[in-house]
Amino acid sequence: MSEERKSLNFLEQIIEEDLANGMPKNKLRFRFPPEPNGYLHIGHTKAIGISFGLGEKYNAPVNLRFDDTNPAKEEQEYVDAIKEDVSWLGYTWDKELFSSDYFKQLYDWAVHFIKEGKAYVDSQSSEAMAEQKGTPTQPGVDGPFRNRSIAENLDLFERMKAGEFEEGSHILRAKIDMQHPNMLMRDPIMYRILKKDHHRTGDDWCIYPMYDWTHGESDYIEQISHSLCSLEFKPHRELYDWFLDQVVDKTLVRPKQREFARLNLSYTIMSKRKLLKLVEDKIVNGWDDPRMPTISGLRRRGYTPAALRKFVETVGVAKRDNIIDVSLLEFCIREDLNKTAPRVMAVLDPVKLVITNYPEGKEEWLEAENNQEDDSAGFRKVPFSRELYIEKEDFKEVAGNKFFRLKLGGEVRLKNAYIIKADSVTKDPNGNITEIQCTYSEDTAKKVKGTLHWVSIKHAVKAEVREYDRLFMDEAPDSHQDKDFMEFLNPESLKIIEAYVEPSLLEAKIGDRFQFQRLGYFNVDNDSSSNKLIFNKTVGLRDSWEKQKPIENKNQNKPQNNTSQPQRKAIDVIQQLGKKYTNLPEGKQEKAKAEILELAKDVSYDDLQPLFNTAAKKVGTRIATTIVLGVLLENGLERNAEVNDFINKALEDTDALLVKEAKMLL
RNA sequence: UGGCUUAUGGUGUAACUGGCAACACGUCUGGUUUUGGUCCAGAAGAGUCUAGGUUCGAGCCCUAGUAAGCCAACCA
């Protein structure tokens, strides 16, 4: 139990500061505020992890509040899915709440705003208003309705609420400042008319509050102390505070909005709108398709709550844009499953193997360890017989000694069973191997390099295996201005395989997770039934053999690597080498010098000249410059005033190395 | 012609608030192993966007640049 002091992230620091400044710990309260217009994705897992994590850390309540102010897009289905996802992740919310619970209070406040002259009804087209609003670089101008009388505003707003007007004919805006540098402060809309039924309030309302007007006030009503959201809301903070200023009671907690960078995962997208498109266009089979980065998709794929929580924790919290490598996510799920998933044997791409010296009709039930990482996992029996399936990939007629698997004349261990030796093969007319003949030995103590998984043909159970690949071929598919993310779709993201699995899997239940030995982690899909077993591949095992095989492919994938080196200007490389020159141990220093001498051949005087002005204290850079200068002089460069000046200064320096190099130029 | 935010190995986060940059993933060695998994041991890889400045000393402070992201929905 080490008491290692983990450094706090910037949000925790803010909270610690508030606590230190006198905020009582029991006033801490957080919230997770999803809009019920789509399913939660892995990015939300970070937001959930932050707010609920803080709740756990400080023993403070966390509300689940649905931000449901837009009846056009929101549905009960999403509310249910979100609740399921949050609790599946293992978090417990204090109160389940809805922004729509506050519609009446919000309305009363709005009326108060009008009476105070802080809000007015605008009756222009959205185009006209957009024009008056200006642009980020140009201030806006006041609209013609900005100075309506309080009485008229009150009357109009009342009638908006009563349903007398059509959608789009009037809106209520806060009266702030049309010239404000922050566009959100240019008289933002508070209410719009929407004649739609709301999933909770039905037809009670036909005016609905906007996000900015609703969010901060909802936080305030709930007495949220820290309202944490992603970075794109940073500009909203000013408005959030302005709205709060108008209603806040100083004796109550005033919520504080703070922003963190959202999570981005490589090779996928994280926008609800775009994910919805994948669902609607039937690119995937629903929000919970195992290829989707949604929480429900990952769950179906076989991810565990523990792995997801670990992932989010590992990723950290900060304010800069990031793209997290999927390999980290994969590491987290492997780490969890390695400890918990029972091992079984399954062959995905079979070739028949016959053990010629094993009696026909004989069968044995051999003992197999369920999980060597877990002593309590116990053992099971697997059937062995004369005819087996092994993986096609595990046999080669001839192969080098780096190939640990089965080859003609070679020996290999069958996991949980005997050692076999390959004697001959049978091929079809096309030259494909249809059968491998082997002989076995009962001496299992023998040392052999390879161990193969297998399945007895007679006892094997057919199963469908769904193997997934990334949905997109590009690392950041929605970050290209000129290309649509749909262009990067991977046409081979789903591969359906007919596999053979050991009979113990007949008892597997939906959701059960296994390690198919030597292959990866798999779970039983929701579509699975008693007469058809279906598995999803969650993630493959780490595979250091696979990596060394496609040598040529590797180069094709990263052609830039070869070209990027020479593209960098020699002088830039030299500058970099120089920078660290004085810090290097002697051996490395010589190496660096040799490199500089080599690179100096490609440096022109014009390249070098600016470095003469290098600050006196940047000794390393000046040494490098001196070395390069030596090469240039040797190649016939004439000494001019600049050169002499630089050399003289170097000679006067206190650094012995620099002086030494400079003397060599005399 | 604007405002806000960010900048540390390939990736993500640290650096006790000024003391010669750490952890995780990834990569590469070697060992163990009835999974080319796990585990164990080790290595390479950044001198902190650039240029100045303050300081005995700067990734942290100051100045000026540069680059990236966000901001003009009756969405959230």
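Lettering of chains follows the sequences in order, A, B, ..., and the numbering in each one begins at 1.
- A side-chain donor from one of A:Asp219 and A:Tyr240 sits under 3.5 Å from a side-chain acceptor of the other.
- Between the base of B:rG37 and the side chain of A:Glu373 there is a donor-acceptor pair shorter than 3.5 Å.
- In this pair, A:Phe516 and A:Phe522 present their aromatic rings parallel. The plane angle is below 30°, not in the 30 to 60° band.
- Checking the phosphate oxygens (OP1, OP2) of B:rU38, a side-chain nitrogen or oxygen of A:Arg542 falls inside 4.0 Å.
- Residues of residues 119-126 of chain A that place a heavy atom closer than 4.0 Å to RNA chain B, in numerical order, are A:Gln124, A:Ser126.
- Listed nucleotides: B:rG37, B:rA76, B:rC25. Nearest to the side chain of A:Leu541: B:rG37.
- With both ends at atom C1', the span from B:rG26 to B:rA44 equals 13 Å, rounded to whole Å.
- Base pairing analysis places B:rA73 opposite nothing; no Watson-Crick or G-U wobble pair with both distances below 3.5 Å involves it.
- Nucleic acid contact for A:Arg273: none, since no nucleic acid atom lies under 4.0 Å from a heavy atom of the residue.
- No engagement by A:His215 is indicated, since no non-hydrogen atom pair under 4.0 Å with the nucleic acid exists.
- Taking atom P in both B:rG2 and B:rA58, the straight-line distance is 34 Å, to the nearest Å.
- Residue-level contact check: A:Ile171 touches the bases, meaning some heavy atom is under 4.0 Å from a base atom.
- B:rG45 and B:rC23: their P atoms are spaced 15 Å apart (whole Å).
- Straight-line distance between the C1' atoms of B:rC4 and B:rA41: roughly 49 Å, to the nearest whole Å.
- No contact: A:Gln179 has no heavy atom under 4.0 Å from any strand.
- Atom NZ in A:Lys319 sits about 12 Å away from atom P in B:rA14, given to the nearest Å.
- Nucleic acid contact for A:Phe331: sugar-phosphate only, since backbone atoms but no base atoms lie under 4.0 Å from a heavy atom of the residue.
- Atoms CD (A:Glu313) and P (B:rC23) sit 18 Å apart, rounded to a whole Å.
- Using a 4.0 Å heavy-atom distance criterion, A:Asp325 is classed as a sugar-phosphate-only contact.
- Judged by distance alone with a 3.5 Å cut-off, no donor-acceptor contact links the side chain of A:Arg518 to the base of B:rG36.
- Both distances falling under 3.5 Å, in either a Watson-Crick or a G-U wobble arrangement, occur for no nucleotide opposite B:rU17.
- If you check the side chains of A:Asn70 and A:Tyr211, you find no donor sitting under 3.5 Å from an acceptor.
- Checked by atom type, the side-chain pair A:Asp474/A:His480 shows a donor-acceptor distance below 3.5 Å.
- B:rU48 is unpaired under the Watson-Crick or G-U wobble criterion, no partner having all donor-acceptor distances under 3.5 Å.
- Listed candidates were B:rU35, B:rG36, B:rU5. Nearest to the side chain of A:Trp545 is B:rG36.
- The residue A:Lys415 sits close to a base: some heavy atom pair falls under 4.0 Å.
- In this model, no side-chain donor or acceptor of A:Gln372 finds a partner on the base of B:rU33 within 3.5 Å.
- Ring orientation note: the planes of A:Tyr78 and A:Tyr39 are nearly perpendicular, at an angle over 60° on the 30°/60° scale.
- Within the 4.0 Å cut-off from OP1 or OP2 of B:rU33, at least one side-chain nitrogen or oxygen of A:Lys447 is found.
- The 5' end of RNA chain B is approached more closely, in terms of each residue's nearest nucleotide, by A:Arg334 than by the other of A:Asp67 and A:Arg334.
- Within 4.0 Å of A:Asp212, counting heavy atoms only, lies no atom of the nucleic acid at all.
- Of the candidates A:Glu367, A:Arg343, A:Met345, A:Asn416 forms a side chain to side chain contact (heavy atoms under 4.5 Å, CB included) with just one, namely A:Met345.
- Atom-to-atom, CD of A:Glu391 to C1' of B:rG36 comes out at 14 Å; the value is rounded to the nearest Å.
- Closest to the A:Glu74 side chain, of the nucleotides B:rG37, B:rU34, B:rA76, is B:rA76.
- Nucleotides B:rC71 and B:rA64 are separated by 27 Å at their P atoms, to the nearest Å.
- Residue A:Arg192 places at least one side-chain N or O closer than 4.0 Å to OP1 or OP2 of B:rA76.
- B:rG47 adopts a syn glycosidic conformation, its chi angle falling within 90° of 0.
- Between A:Glu238 atom CD and B:rC4 atom P the separation is 10 Å, expressed in whole Å.
- A:Glu238 and A:Asn182 share a side-chain donor-acceptor pair at under 3.5 Å.
- Between B:rC75 and A:Thr69, no contact under 4.0 Å exists linking OP1 or OP2 to a side-chain N or O.
- A:Gln257 and A:His215 share no side-chain donor-acceptor pair at under 3.5 Å.
- Among the protein residues, A:Leu452 comes within range of no part of the nucleic acid, since none of its heavy atoms lies under 4.0 Å from any strand.
- The nucleotide B:rG26 finds no pairing partner, because no Watson-Crick or G-U wobble arrangement with both distances shorter than 3.5 Å includes it.
- A straight line from CD of A:Glu259 to P of B:rG3 spans 19 Å, rounded to a whole angstrom.
- Side-chain contact of A:Tyr521 with A:Gln515: a donor-acceptor pair under 3.5 Å is present, judged by distance alone.
- Among the protein residues, A:Glu330 comes within range of no part of the nucleic acid, since none of its heavy atoms lies under 4.0 Å from any strand.
- Among the protein residues, A:Ala130 comes within range of no part of the nucleic acid, since none of its heavy atoms lies under 4.0 Å from any strand.
- A gap of 26 Å separates the P atoms of B:rA46 and B:rG53, to the nearest Å.
- Taking the six-membered ring for Trp, A:Tyr107 and A:Tyr208 have ring centres at least 6.0 Å apart.
- Of the N and O atoms on the side chains of A:Asp122 and A:Gln124, at least one donor lies less than 3.5 Å from an acceptor on the other residue.
- Within the nucleic acid shown, A:Val317 comes within 4.0 Å of sugar-phosphate atoms alone, with no base atom in reach, counting heavy atoms only.
- In this structure, A:Lys73 atom NZ and B:rC74 atom P are separated by 12 Å, rounded to whole Å.
- B:rG47 and B:rG57 have their C1' atoms separated by 15 Å, given to the nearest Å.
- Counting non-hydrogen atoms under 4.0 angstrom, A:Phe66 reaches nothing in the nucleic acid.
- Rounded to an integer number of Å, the gap from A:Asp478 CG to B:rC70 P is 10 Å.
- Spacing between atom CG of A:Leu106 and atom P of B:rA76 amounts to 12 Å, rounded to whole angstrom units.
- With the nearest nucleotide of RNA chain B identified for both A:Asp68 and A:Leu184, A:Leu184 has the one nearer the 5' end.
- Annotated as syn: B:rU17, whose glycosidic dihedral is within 90° of 0.
- Cation-pi geometry between A:Lys415 and A:Trp454 is not satisfied (NZ or CZ under 6.0 Å from the ring centre, within 45° of the ring normal).
- No engagement by A:Tyr208 is indicated, since no non-hydrogen atom pair under 4.0 Å with the nucleic acid exists.
- The C1' atoms of B:rC56 and B:rA51 are separated by 23 Å, rounded to the nearest whole Å.
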